[in-house]
Amino acid sequence: MNDEKLYLVMMGLPARGKSTLAIRLQEALRKNRIPAKIFNNGNLRRTYLPLKETVSANFYHPDNTSALEMRKKFACINMKRAKAYLEGKGRVAILDAANISRARRKMIEENLDNHPILFIECINDDQEILHLSILEKTRLPEFSRLAHKTAQKEFLKRVDNYRLIYAPLKTERNYFRIDSLQNKIIEEKQSEPIPLYLLIKDILVTDVVKNLFLIRHTETKFNTIDRIGGDSTLTAKGIFQAKTLGIFFKEQQISYIFTSHKKRTIQTARSICAMQKNCKIIPITEFDEINGGICEGMTYKEIEKTVPEVYHARKADKYHYVYPQGESYETMKPRIEAGLKKAFFLNRHSDNIMIVGHQAVNRMILSHFLYRRDADVPYIYIPQDEFYHIVSMQDKKLFKLKPYV
Ligand code: F6P
């Protein structure tokens with residue numbers, strides 16, 4: 001079959017990033033002037049059935065035959081709509097649902113037999129991310145009538161019910177199995193020509209950052225006396241700077257601010273959050289400042305005096321030098337990358353993302369977007385009265401240092 005049109009069928013357990021990926025695919029395809037449209041079973045279910053019924057985990061139990069019939073009905077409505085869409089001007093119909101069992105996917109294959117189907121399985125088993133995603137999901141209106149803890153329990157039970165019939169992609173003719181946290185392809189199979197295959201593959205692995213505001217915590221007591229590391233709080237000037245940041249970002253909608261676990265980043269983020277309507281601070285261990293090991297809490301002068309070998313070795317090769325019992329820029333890199341993936345995943349529903357980090361951390365984050373020789377990374381300029389605004393999309397790159405005062 002040589003075809004121009006395509007069905008993309010999402011697959012995976014709840015809270016694995018399917019809908020986000022579906023939206024990303026739709027947006028990117030449309031930007032490439034390819035008509036694409038999402039058909040989401042959950043949205044149909046929420047429109048036609050009382051929430052009271054569908055919020056209960058029991059609705060998703062494989063033995064609940066009446067609910068199964070209803071869910072099948074929604075799947076059929078969407079398949080019909082998708083088919084009609086491709087009969088018209090549409091080129092890519094994206095079917096967004098769990099499609100967890102082989103039986104369900106067989107039904108899809110039998111019904112959508114007029115164009116190729118490419119399945120996309122989203123996999124992500126990072127427990128911290130799942131926990132945070134579930135917290136986020138249970139904040140949706142769908143769960144508003146339940147107490148928060150009950151909502152979380154129901155959602156976890158829903159996932160377990162899906163798990164009972166979970167069959168990973170295998171016999172399907174064309175598919176990608178992707179790690180939706182890392183945007184990495186785990187496995188792919190292509191048994192026939194698939195239109196737009198390379199473009200879709202490219203979209204799947206591209207990190208899209210629409211607006212990243214990368215901020216360094218404002219002035220701390222340690223900063224004023226040149227001490228490194230530690231967990232000191234902001235000075236009066238730092239508090240003023242943080243408040244000014246809050247006012248500066250007041251008109252932007254910031255849903256999440258990602259910080260380290262250190263007081264100085266959280267304190268800075270609090271002032272920004274205070275000026276927002278609905279904003280949550282999420283401390284991520286991966287964004288903690290470089291670990292200075294035996295030098296934590298010392299000034300650079302003290303390091304030079306008491307452990308001169310450390311001082312000079314670091315000066316000679318700052319990127320690779322590992323503080324005794326601590327880290328180097330090089331060894332920090334994987335954790336910073338992991339932190340970024342987490343932040344992007346959790347922030348997936350909004351265009352703006354904010355990170356309040358530290359000097360070395362922000363250097364590493366910047367080097368993720370902007371090519372710098374390793375040796376130059378530890379010297380990137382990270383001021384406390386300016387922030388970096390970063391945009392990184394397939395068709396647009398922006399990198400700007402901006403003042404907030
Ligand atoms: O001085 C502030 C600070 O964030 C320290 O906590 C950290 O050790 C240092 O910056 C990292 O910068 P550099 O790699 O230039 O020493």
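Keep in mind that this is a model prediction, so the values were computed, not measured. Counting from 1, the numbers follow the sequence of the chain as shown.
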For H349 and S255, does a side-chain donor sit closer than 3.5 Å to a side-chain acceptor?
no
Any donor-acceptor pair under 3.5 Å linking the side-chain atoms of K263 with those of S232?
no
Please enumerate all residues that pass salt bridge (Lys or Arg N to Asp or Glu O under 4.0 Å) together with R314, with sequence neighbours excluded.
none
CG/L212 to CD1/I365 distance, rounded to the nearest 0.5 angstrom?
7.5 Å
With sequence neighbours excluded, residues passing salt bridge (Lys or Arg N to Asp or Glu O under 4.0 Å) with E188
K201
For I38 and N43, what are the C-alpha separation, side-chain angles and deciding distance, and is it a side-chain contact (heavy atoms from CB on, under 4.5 Å)?
CA-CA 11 Å; I38 295 174; N43 289 346; over 6 Å; no
Would you please say whether a donor-acceptor pair under 3.5 Å links the side chains of Q267 and H217?
no
Going by heavy atoms in the side chains, are Y60 and R71 under 4.5 Å from each other?
yes
Do F248 and M275 touch side chain to side chain, with heavy atoms closer than 4.5 Å?
no
Contact list for residues 302-311, test side chain to side chain donor-acceptor pair (under 3.5 Å), sequence neighbours left out:
R227-E302
Please find out if less than 6.0 Å separates the ring center of F213 from that of F249.
yes
Strictly distance-based, threshold 3.5 Å: is any side-chain N or O of R104 a donor or acceptor partner for the main-chain N or O of N99?
no
Supply the atom-to-atom distance T259 OG1 to R264 CZ, rounded to the nearest 0.5 angstrom.
11.5 Å
Is L204 close to L25 at the side-chain level, that is, under 4.5 Å between some pair of heavy atoms?
yes
Mind running side-chain contact (heavy atoms from CB on, under 4.5 Å) on T206 and M393 for me, showing each step along the way?
CA-CA 8 Å; T206 303; M393 297 198 283; over 6 Å; no
Whether Y323 and Y321 hold their rings parallel, tilted or perpendicular, with breakpoints at 30° and 60°
perpendicular
Taking only residues two or more places apart in sequence or in another chain, which ones pass salt bridge (Lys or Arg N to Asp or Glu O under 4.0 Å) with D385?
none
Close side-chain approach of I257 to C279, heavy-atom, < 4.5 Å
yes
Does one side chain, of S19 or D96, offer a donor that lies under 3.5 Å from an acceptor on the other?
yes
Note: R335-E327 ion pair, threshold 4.0 Å (strictly below)
yes
Is there a side-chain hydrogen bond (donor to acceptor under 3.5 Å, both in side chains) between D317 and Y329? Walk through the geometry before answering.
CA-CA 10 Å; D317 185 1; Y329 277 85; over 6 Å; no
Is there a donor-acceptor pair under 3.5 Å between the side chain of Q276 and the backbone N or O of N278?
no
Using 0.5 Å steps for rounding, measure from the CG atom of L95 to the CD1 atom of I120.
11.0 Å
Is the NZ atom of K402 crowded by more than 12 outside heavy atoms at less than 6.0 Å?
yes
Going by side chain to side chain donor-acceptor pair (under 3.5 Å), name the residues that satisfy it together with T244, two or more places apart in sequence or in a different chain.
none
Is K137 close enough and on-axis enough to F143, meaning under 6.0 Å and within 45°, for cation-pi?
no
Got a sec, which residues hit salt bridge (Lys or Arg N to Asp or Glu O under 4.0 Å) with D374, two or more places apart in sequence or on another chain?
none
Residues two or more places apart in sequence or in another chain: which of them pass ring-ring contact (aromatic ring centres under 6.0 Å, His included) with Y319?
none
Cation over ring, R45 on F74, under 6.0 Å and within 45°?
no
Go through I336 and H368 one step at a time and tell me if the side-chain contact (heavy atoms from CB on, under 4.5 Å) criterion holds.
CA-CA 9 Å; I336 298 293; H368 173 90; over 6 Å; no
When rounded to the nearest 0.5 Å, the distance separating OG1 of T233 from CD1 of I239 is 7.5 Å
Residue K5 excluded, over 12 heavy atoms near NZ under 6.0 Å
yes
N352 and N211: side chain donor to acceptor below 3.5 Å:
yes
Verdict with reasoning, R173 to I194, per side-chain contact (heavy atoms from CB on, under 4.5 Å)
CA-CA 11 Å; R173 294 177 57 74; I194 296 288; over 6 Å; no
Would you check if L346 and F258 make a side-chain contact, meaning some heavy-atom pair closer than 4.5 Å?
yes
Please check this pair: side chain of S367 against backbone of R372, looking for a donor-acceptor N/O pair closer than 3.5 Å.
no
Are E154 and K157 close enough for a salt bridge, meaning some N to O gap below 4.0 Å?
yes
If you count the non-hydrogen atoms of other residues, nucleotides and ligands that lie under 6.0 Å from OH in Y404, is the total more than 12?
yes
What do you reckon, is NZ of K243 surrounded by more than 12 foreign heavy atoms closer than 6.0 Å?
no
How long is the straight-line distance from OG of S133 back to CD of E128, given to the nearest 0.5 Å?
10.0 Å
Which atom pairs, donor and acceptor, lie under 3.5 Å between side-chain atoms of residues 160-170 and protein residues at least two apart or in another chain?
residue : atom : partner : partner atom : Å
N161    : ND2  : A57     : O            : 2.9
Y166    : OH   : E121    : OE2          : 2.5

Donor-acceptor check, side chain of R30 to backbone of E27, threshold 3.5 angstrom: yes or no?
no
Report the distance from atom CD1 of I272 to atom NZ of K250, rounding to the nearest 0.5 Å.
14.5 Å
Within the side chain of D351, is there an N or O that forms a donor-acceptor pair under 3.5 Å with the backbone of K210?
no
Return yes when atom NZ of K83 has more than 12 non-hydrogen atoms of other residues, nucleotides or ligands closer than 6.0 Å, and no otherwise.
yes
Can you list everything that forms a ring-ring contact (aromatic ring centres under 6.0 Å, His included) with Y85? Sequence neighbours excluded, please.
F39
Tell me, do Q182 and N124 make a side-chain contact under 4.5 Å, heavy atoms counted?
no
Kindly indicate whether the side chain of V361, heavy atoms from C-beta on, has any atom under 4.5 Å from the side chain of T265.
no
Kindly indicate whether the side chain of R177, heavy atoms from C-beta on, has any atom under 4.5 Å from the side chain of I123.
yes
Going by atom types alone, do T235 and E219 pair a side-chain donor with an acceptor below 3.5 Å?
yes
Taking only residues two or more places apart in sequence or in another chain, which ones pass side chain to side chain donor-acceptor pair (under 3.5 Å) with E172?
R102, R105
Show me, pair by pair, the donor-acceptor contacts under 3.5 angstrom made by side chains of residues 281-288, not counting sequence neighbours?
residue : atom : partner : partner atom : Å
T285    : OG1  : H261    : NE2          : 3.4
E286    : OE2  : K342    : NZ           : 2.8
D288    : OD1  : H261    : N            : 2.7

Return the set of residues passing ring-ring contact (aromatic ring centres under 6.0 Å, His included) with F176 (not counting sequence neighbours), or none when no residue passes.
Y197
Please determine, by modelled atom types, if D376 and Y371 share a side-chain donor-acceptor pair under 3.5 angstrom.
no
